[in-house]
There are 2 protein chains.
Amino acid sequence: MNTRAHIIQLADTLIRDKGYNAFSYHDIAKTIGIKPASIHYHFPVKSNLGVAVIEKQIDRLFAVIEKYKSKSAVERLDKFLSIYTAIQKDNKICLVGSLATDFNTLDEQVREKLKTFSELMLDWVSDFLEEGRSTELFEFEGSSRTKAIMIVTNMLAIVQLSRLTNEQDFDTVKNSIKQDLIKK
Amino acid sequence: MNTRAHIIQLADTLIRDKGYNAFSYHDIAKTIGIKPASIHYHFPVKSNLGVAVIEKQIDRLFAVIEKYKSKSAVERLDKFLSIYTAIQKDNKICLVGSLATDFNTLDEQVREKLKTFSELMLDWVSDFLEEGRSTELFEFEGSSRTKAIMIVTNMLAIVQLSRLTNEQDFDTVKNSIKQDLIKK
DNA sequence: GTCTATATGATGATAGAC
DNA sequence: GTCTATCATCATATAGAC
């Protein structure tokens, strides 16, 4: 992996571990084995790095959407849930939740990119929920966007809340979502 | 209000606005009109202030629980939802969500106090959900604690997520929770 | 691309006067 | 209780050598 990509990957992990304002160029530099000033060659200011981290996640979500576009709604739901399962196993939280908390301290460019990312995610979830309902795999009331928000908020928050309660609560939420949704 | 209480109140608001690591003694001092060093008389180290902020919220929740203990489950649910409505109107997020995001940067004392607070909240919600079901006001499957987690995660996350999407999403979630729960 | 050196400013914290 | 003065540390960021 090249240095630029390595920096982005470490920044992503650090943001989701400690928060945007708690990680520093020094944290990244010491892991890579270069000096903090060298990071500025790749990302002159911190918000450039923030934007790059979100862009990378947008790219990865686009790839997932593309890969799963012809799969069933259940498979797409499982994929969505598995993304959060990986976050949980890694003892991190999701990027949207972390940066939403720090939102009022972020530069405008980072805010806008984050909005783009959250819209993309909500649209994707809404889409497979809607399709799942029309194919009678899922059952729920109200609009698919509303249901998407309910499910996304469950997942976004449980990776945060389970830091305080216990890890099993994550599985509890995941199973509850599926049980509630799958048509009997 | 005395200075100590004023400091706690401002710290609470700042944590829920910008996050624990983004607020400083300077932020508080300039609003109160004293010097940053003077804050250290009341709270020698920042984690003392962090603990005090959580303790204050625990006290307030205890008072709510006491005041509502003989009211109906629906009234208690409405009270729970109204707490988050106030947070949303104030353009803030909830303390648990904010500090859970910063959890890996917090002192042990702050972490423990935060766990106590989240348990208290979950227990309260579980209690009125259970009672609401037994009196046939509410209808839901699974344990009351599971349902409490589902509802708390919805509220905790929507105050964060609606910073990125739009304010109406908050009402959407609130109404969806009630509609889902109230027995028809 | 990475280094050293440096500027600049913020931060949490302490000591001691008032 | 609040002040001034001060400290050590850390942060983002820049300039210029290699």
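Within every chain, numbering begins at 1; the chains are lettered A, B, ... in the order of the sequence lines, protein sequences first and strands thereafter.
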Report the distance from atom CG of L106(A) to atom C1' of dT12(D), rounded to the nearest whole Å.
16 Å
Output a table of donor-acceptor pairs, distance under 3.5 Å, between side-chain atoms of residues 54-65 of chain A and any protein atom two or more places apart or on a different chain; print 'none' if there are none.
| from | atom 1 | to | atom 2 | distance (Å) |
| --- | --- | --- | --- | --- |
| E55(A) | OE2 | K113(A) | NZ | 3.1 |
| Q57(A) | NE2 | D12(A) | OD2 | 2.6 |

Are any of Y41(B)'s side-chain N or O atoms less than 4.0 Å away from OP1 or OP2 of dG1(D)?
yes
What is the separation between atom CD1 on I32(B) and atom P on dC3(D), rounded to the nearest whole Å?
10 Å
State whether F128(B) and K71(B) meet the cation-pi test: NZ (Lys) or CZ (Arg) under 6.0 Å from the six-membered ring centroid, and within 45° of the perpendicular axis.
no
May I ask you to test the F117(A)-L99(A) pair for a side-chain heavy-atom distance under 4.5 Å?
no
With K46(A) as the cation and Y20(A) as the aromatic partner, state whether NZ or CZ is under 6.0 Å from the six-membered ring centre and within 45° of the axis.
yes
Starting at atom CD1 of I28(B), determine the distance to atom C1' of dT11(C), rounded to an integer number of angstrom.
13 Å
Could you work out which one of dT2(C), dG1(D), dA15(C) sits closest to the side chain of A37(B)?
dA15(C)
For a quick test of reading the model: is some side-chain N or O of K35(A) closer than 4.0 Å to OP1 or OP2 of dC3(C)?
no
Within the structure shown, what part of the strands sits under 4.0 Å from F43(B) by heavy-atom distance: base, sugar-phosphate, or nothing?
nothing
Gap between atoms CG and P, on L49(B) and dA13(C) respectively (whole Å)
10 Å
Taking the minimum atom-to-atom distance to the side chain of S24(B), which one of dG12(C), dA5(C), dT12(D) wins?
dG12(C)
Would you call K69(A) and D127(A) a salt bridge, taking side-chain N to carboxylate O under 4.0 Å as the test?
no
Would you say dA15(C) has OP1 or OP2 under 4.0 Å from some side-chain N or O of H40(B)?
no
Between P on dT4(C) and NE2 on H26(A), what's the gap in Å once rounded to a whole number?
14 Å
So, is S38(B) close to the dG1(D) phosphate, meaning a side-chain N or O under 4.0 Å from OP1 or OP2?
no
Could you state the atom-to-atom distance from CD1 of I39(B) to C1' of dC3(D) in whole Å?
13 Å
Just how far, in rounded Å, is C1' of dA13(D) from CG of D107(A)?
14 Å
Under 4.0 Å between a side-chain N or O of T3(B) and OP1 or OP2 of dT2(D)?
yes
Closest to the I34(A) side chain: dA13(D), dC3(C), dG12(C)?
dC3(C)
Specify the separation, in whole Å, of atom OH of Y20(B) and atom C1' of dG12(C).
10 Å
